[in-house]
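What follows is a short report on a single structure.
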Protein chains: 2
Amino acid sequence: MNTDQLIRITRYYRSLNRLKTIGLEKVFANNLADAAGVSAAIVRKDFSQLSIYGQKRGGYQIADLLLSLGELLGKGDSQNCIIIGCGRIGKALMHYKGFEPDGIRIVAGFDSDPVVYNDTSHPVPLYPISRLDEVIRNLDVSVAIISVPEQAASDSYERVLKAGIMGVLNFSPITLKPILQEDGTLPIVHNINIALELEQIFYELKFPKNR
Amino acid sequence: MNTDQLIRITRYYRSLNRLKTIGLEKVFANNLADAAGVSAAIVRKDFSQLSIYGQKRGGYQIADLLLSLGELLGKGDSQNCIIIGCGRIGKALMHYKGFEPDGIRIVAGFDSDPVVYNDTSHPVPLYPISRLDEVIRNLDVSVAIISVPEQAASDSYERVLKAGIMGVLNFSPITLKPILQEDGTLPIVHNINIALELEQIFYELKFPKNR
DNA sequence: CTATTAATGTGAATAATTGTACATAAACCG
DNA sequence: CGGTTTATGTACAATTATTCACATTAATAG
């Protein structure tokens with residue numbers, strides 16, 4: 001499964017969950033196509049490749065699909081994260097309610113500023129960044145969210161890698177790249193660059209596609 | 001210019017600005033390739049297509065490139081945004097320092113809760129969502145950032161469109177899709193789905209690519 | 001029970017993207 | 001100055017992704 005397909009699958013999964021809570025039982029390739037913003041042919045091809053089959057004419061059973069896709073996506077395993085950098089963005093993420101339904105949990109935050117990490121008014125425990133390795137050892141965590149200022153980003157990145165974290169979601173405007181580790185593994189890094197997204201929007205508004 | 005290319009161009013532009021502040025004057029296709037995470041061939045092809053030419057052997061003049069790319073990206077025009085939904089994420093964005101160097105400005109925030117919008121401790125003025133149209137009329141704004149809870153997302157979306165906003169950056173987990181407007185134009189919508197990014201990371205960790 | 005309709009599943013065609021290879025021009029070196 | 005190196009610019013090849021078209025199956029209706 002490649003990255004584009006993975007994005008689509010997670011989108012399908014999301015939408016299916018919603019449809020299920022609404023009370024639907026069956027879904028057509030077309031519905032999922034709409035939800036994921038792709039064509040129906042792609043949906044069918046995706047499923048076909050993943051050996052997921054529906055009923056001719058009847059579409060797909062939502063419950064079955066959720067099961068199959070859930071297995072593919074590794075649902076059921078623990079999905080714990082820590083947050084590096086508890087500034088405004090970091091704190092916002094700690095309080096974010098949207099992770100729960102996906103089985104994602106924030107289990108700790110780290111910051112270099114004592115004023116920040118001594119503040120107990122947050123839903124997860126905060127620690128000084130110096131205790132990173134120690135705290136991680138006692139938690140089942142594989143992913144870190146980096147929400148530190150630009151200057152601290154690559155330093156934070158190296159630290160979490162050294163601590164054994166293998167997945168990183170980076171909110172700083174520096175694009176962090178996977179660095180081959182000593183043990184031969186390659187960390188997974190996703191960069192979210194908010195300013196870049198806005199720039200793209202402004203661009204597309206200024207120079208609309210002509211079609 | 002297509003979307004992938006646009007992303008690359010904005011990345012080049014970013015990196016060039018950094019390199020310039022460091023004091024460099026020339027840059028090679030290879031450097032930009034590294035910065036944007038693509039191959040050097042693509043960088044050259046991009047520039048070639050955009051009629052941007054460097055010096056054989058000498059690489060590219062950073063200043064020239066910034067000028068050319070800046071023009072392409074529509075820099076110099078105003079890039080003002082408003083924020084719909086001043087919860088934790090909305091507030092974090094208001095205070096975010098990373099927009100300034102890109103010429104992006106947050107000029108107002110909107111919320112439905114009086115407790116929120118009467119709080120004056122923020123760097124931009126806040127208004128009740130009911131005053132959206134009125135306030136927008138007096139501001140040169142074309143892009144809205146939607147950072148409201150899931151349930152309010154599509155409603156907020158419709159409202160900003162009705163108010164004449166043509167670009168949207170959506171942080172809610174609902175995927176908002178461009179809706180053809182009465183005047184025949186299509187809004188530009190970018191969705192940032194944080195939970196989805198994390199899910200993908202967890203997936204990629206669980207099922208590493210075998211190569 | 002036959003005809004019709006509605007959806008899936010998939011091979012083939014098409015389009016888009018990326019990489020390769022090399023000709024070309026400029027700078028450098030002896 | 002000629003030879004060598006370095007990096008651009010681009011044609012072409014390879015790969016990948018998407019769409020198209022249609023055979024296939026199931027349900028429905030008359």
Side-chain angles (χ1 to χ4, degrees), chain A residues 1-12 15-16 19 24-69 72 175 177-178 200 204 209-211, chain B residues 1-13 15-16 19 24-69 72 177-178 200 204 209-211:
Chain A
M1 178 148 42
N2 71 41
T3 308
D4 286 353
Q5 199 177 19
L6 175 55
I7 295 174
R8 292 198 297 268
I9 302 289
T10 47
R11 290 235 167 92
Y12 302 154
S15 308
L16 286 165
L19 294 172
L24 295 189
E25 301 205 334
K26 289 187 305 188
V27 70
F28 300 125
N30 250 302
N31 306 138
L32 289 173
D34 285 351
V38 297
S39 75
I42 288 190
V43 175
R44 289 202 294 269
K45 188 140 280 185
D46 279 342
F47 289 171
S48 173
Q49 259 176 56
L50 299 169
S51 311
I52 293 173
Y53 302 100
Q55 299 115 290
K56 304 254 173 176
R57 179 151 183 166
Y60 302 83
Q61 289 297 124
I62 290 182
D64 292 358
L65 265 183
L66 278 171
L67 236 55
S68 311
L69 297 185
L72 278 170
T175 302
K177 275 172 292 186
Q200 280 173 46
E204 291 172 41
K209 279 177 197 137
N210 42 344
R211 35 164 195 169
Chain B
M1 175 147 47
N2 71 43
T3 307
D4 285 357
Q5 200 179 17
L6 176 55
I7 294 174
R8 292 197 298 269
I9 302 289
T10 47
R11 289 237 166 93
Y12 302 154
Y13 190 82
S15 308
L16 286 165
L19 295 172
L24 295 189
E25 303 206 332
K26 290 185 305 187
V27 70
F28 300 123
N30 251 302
N31 306 137
L32 290 174
D34 286 350
V38 296
S39 77
I42 288 189
V43 175
R44 292 201 290 269
K45 185 148 284 183
D46 280 341
F47 290 171
S48 173
Q49 258 178 58
L50 299 169
S51 310
I52 292 173
Y53 300 101
Q55 300 116 290
K56 303 257 173 175
R57 177 148 184 166
Y60 302 83
Q61 289 296 122
I62 290 182
D64 293 358
L65 266 182
L66 278 172
L67 234 56
S68 312
L69 297 184
L72 278 169
K177 275 172 292 185
Q200 280 175 45
E204 291 172 42
K209 282 178 195 133
N210 43 345
R211 27 166 203 171

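Here is how names work: the chains are called A, B, and so on, in the same order as the sequence lines, proteins then strands, and each is numbered from 1.
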Side-chain (A:D34) to main-chain (A:N31) donor-acceptor, under 3.5 angstrom = no
Distance in angstrom units between A:Q55 CD and D:dA27 C1', rounded = 11 Å
Does B:E25 CD have over 12 foreign heavy atoms under 6.0 Å away?
-> no
So among A:T10, A:D4, A:N2, which one has a side chain to side chain contact (heavy atoms under 4.5 Å, CB included) with A:L6?
-> A:T10
When the distance from CG of A:D64 to C1' of C:dT8 is rounded to whole Å, what number comes out?
-> 15 Å
Give the rounded distance in Å between these two atoms: CZ of A:F28 and P of D:dA27.
-> 12 Å
First locate atom CG of B:L19, then atom CD1 of B:I62, and finally report the distance between them rounded to the nearest 0.5 Å.
-> 5.0 Å
Heavy-atom closest contact (B:A33 atom, B:A40 atom, distance) = CB-N, 3.5 Å
B/S/- along nucleotides 17-24 of chain D (protein heavy atoms under 4.0 Å) is SSB----B
Starting at CG of A:N31 and ending at P of C:dA6, how long is that distance when rounded to a whole Å?
-> 15 Å
Select base, sugar-phosphate, or nothing to describe what A:G58 touches, counting heavy atoms under 4.0 Å on all strands.
-> nothing
Are OP1 or OP2 of C:dG9 and a side-chain N or O of A:Y60 less than 4.0 angstrom apart?
-> yes
Of the nucleotides C:dA27, C:dT10, D:dT10, which has the atom closest to the A:Y53 side chain?
-> C:dT10
Here the distance between atom P of C:dA7 and atom CD of A:Q61, to the nearest Å, is 15 Å
Rounded to whole angstrom units, what separation is found between the CG atom of A:L32 and the C1' atom of C:dG9?
-> 16 Å
Checking all strands, does A:F47 fall into the base, sugar-phosphate, or nothing category for heavy-atom contacts under 4.0 angstrom?
-> nothing
Tell me: CG of A:L50 to P of C:dT8, nearest whole Å?
-> 16 Å
Any side-chain heavy-atom pair from A:Y12 and A:L69 closer than 4.5 angstrom?
-> yes
Atom CZ of B:R57 and atom P of C:dC28: how far apart are they, to the nearest Å?
-> 6 Å
Is B:A40 touching bases, backbone alone, or none of the nucleic acid, heavy atoms closer than 4.0 Å?
-> nothing
What's the spacing between B:Q5 CD and B:I42 CD1 if we round to 0.5 Å?
-> 10.0 Å
Using only side-chain N and O atoms of B:S48, determine if any of them is under 4.0 Å from OP1 or OP2 of D:dG9.
-> no
